[in-house]
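Read through the structure below, which is laid out as structure tokens, and then see the notes.
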Amino acid sequence: MGRTFEGSFNAQGKRIAIVGSRFNDFFTRELMDGALDCLRRHDVDEDQIDTAWVPGAFEIPMAAKKFAGTGRYAAVICVGCVIQGDTPHFHYVSSEVTKGIAQVSLDADIPVVYGIVTAETLDQAIERSGTKAGNKGFDAALTALEMISLWDDIEQG
């Protein structure tokens, strides 16, 4: 049997980008804070973390692609919040953001992590951005750390 590759949560010395949406920023700022908290707790130097704010969730994949294309980052974390309203707009935006981040992730040679809250209600958004359901920004950063380590392990063979 060959090797088993498994990531840890160590990304010291690695640059990480976070893209956040200003729309629904009451929630997105909590997600951004959660991601930053996770990275700090895992000893990622604040000088190694770059952030970008885009107008809305729809623009997140474009900024993630730009960060990933620079070759300067070990991972890109995407955070935002899309909440169901009275029109079908929610479905279009959440679907396209999900597809966009997935496409950037597949095209990039680095992990591009999905930390978008898609909620049917304000209560669901509150729960997922820092209360009883945890903070999905923190979870996304933890995923990025593990994937960075896994990528390094696989590349080193």
Side-chain angles (χ1 to χ4, degrees), residues 7-11 14-44 46 48-70 72-151:
S8 65
F9 300 105
N10 179 8
K14 303 284 185 168
R15 293 189 67 80
I16 298 172
I18 308 174
V19 179
S21 162
R22 283 194 314 269
F23 196 80
N24 287 326
D25 76 331
F26 175 80
F27 304 106
T28 306
R29 289 198 183 279
E30 293 296 320
L31 297 170
M32 179 72 79
D33 288 346
L36 291 168
D37 179 44
C38 177
L39 297 175
R40 288 182 197 117
R41 287 179 190 233
H42 289 86
D43 299 321
V44 177
E46 289 194 33
Q48 298 295 98
I49 305 168
D50 292 333
T51 59
W53 289 98
V54 296
F58 193 80
E59 291 77 28
I60 290 172
M62 291 182 286
K65 181 178 179 178
K66 195 67 158 172
F67 273 126
T70 67
R72 295 190 308 256
Y73 298 93
V76 179
I77 302 165
C78 303
V79 296
C81 183
V82 184
I83 303 171
Q84 173 82 48
D86 293 333
T87 68
H89 184 70
F90 164 85
H91 298 289
Y92 301 125
V93 172
S94 59
S95 176
E96 292 306 313
V97 169
T98 300
K99 285 188 228 174
I101 292 171
Q103 189 62 55
V104 173
S105 180
L106 292 172
D107 291 345
D109 196 30
I110 61 170
V112 179
V113 181
Y114 184 89
I116 309 299
V117 170
T118 55
E120 294 177 353
T121 66
L122 288 173
D123 286 340
Q124 287 178 352
I126 290 167
E127 287 176 10
R128 289 168 177 77
S129 57
T131 60
K132 60 185 173 180
N135 184 305
K136 298 307 176 190
F138 189 100
D139 296 346
L142 202 58
T143 297
L145 292 172
E146 184 172 357
M147 292 301 290
I148 290 168
S149 172
L150 177 62
W151 256 224

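From a predicted model like this one, the values you see are computed outputs, not experimental measurements.
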Can you give me the closest heavy-atom contact between [X] and [Y], atom names plus distance?
| X | Y | answer |
| --- | --- | --- |
| Ala57 | Val93 | CB-CG1, 4.3 Å |
| Ile16 | Ala11 | CD1-CB, 4.5 Å |
| Ser94 | Thr118 | CB-CG2, 3.7 Å |
| Val117 | Ala125 | CG1-CA, 4.2 Å |
| Val44 | Lys14 | CG1-O, 4.2 Å |

Can you find a pair of side-chain heavy atoms, one from [X] and one from [Y], that are under 4.5 Å apart?
| X | Y | result |
| --- | --- | --- |
| Val112 | Phe67 | no |
| Thr51 | Met32 | yes |
| Arg40 | Glu46 | yes |
| Asn10 | Leu145 | no |
| Ile116 | Thr98 | no |

Going from [atom1] on [X] to [atom2] on [Y], what distance comes out if it is rounded to the nearest 0.5 angstrom?
| X | Y | atom1 | atom2 | answer |
| --- | --- | --- | --- | --- |
| Ser105 | Tyr114 | OG | OH | 12.5 Å |
| Phe9 | Cys38 | CZ | SG | 8.5 Å |
| Arg128 | Ile126 | CZ | CD1 | 11.5 Å |
| Leu39 | Ile49 | CG | CD1 | 4.5 Å |
| Thr70 | Arg15 | OG1 | CZ | 8.5 Å |
| Lys65 | Asp107 | NZ | CG | 7.0 Å |

When you measure from the side chain of Asn135 to the backbone of Ala35, do you find a donor-acceptor pair of N or O atoms at a distance under 3.5 Å?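 Checking the backbone N and O of Ala35 against the side chain of Asn135, no donor-acceptor pair under 3.5 Å is found.
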N/O donor-acceptor pair under 3.5 Å between Glu59 side chain and Gly56 backbone: yes
According to salt bridge (Lys or Arg N to Asp or Glu O under 4.0 Å), does anything in residues 94-106 pair up with another residue at least two apart or in another chain? List the pairs.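 For residues 94-106: Glu96-Lys99.
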Give a yes or no on whether a salt bridge exists between Asp139 and Lys136, defined as a side-chain N under 4.0 angstrom from a carboxylate O.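 So Asp139 pairs with Lys136 through a salt bridge.
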Could you tell me whether Asp37 and Arg41 make a salt bridge, using a distance below 4.0 angstrom between a side-chain N and a carboxylate O?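 Judged by the 4.0 Å cut-off on N to carboxylate O distance, Asp37 and Arg41 do form a salt bridge.
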Sequence-distant partners of Ser149, side-chain hydrogen bond (donor to acceptor under 3.5 Å, both in side chains), two or more places apart: Ser8
Which residues share a side-chain hydrogen bond (donor to acceptor under 3.5 Å, both in side chains) with Asp43, sequence neighbours left out: none
Per the ring-ring contact (aromatic ring centres under 6.0 Å, His included) rule, what does the pair list look like for residues 78-102, sequence neighbours excluded?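 Listed once each, the pairs would be none.
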May I have the list of side-chain donor-acceptor pairs in residues 72-85 shorter than 3.5 Å, sequence neighbours left out?
unit_1: Tyr73; atom_1: OH; unit_2: Asp50; atom_2: OD2; d: 2.5

Check step by step if side-chain contact (heavy atoms from CB on, under 4.5 Å) holds for Thr28 and Phe23. CA-CA 8 Å; Thr28 306; Phe23 196 80; over 6 Å; no
Partner residues of Phe138 under the ring-ring contact (aromatic ring centres under 6.0 Å, His included) criterion, sequence neighbours left out: none
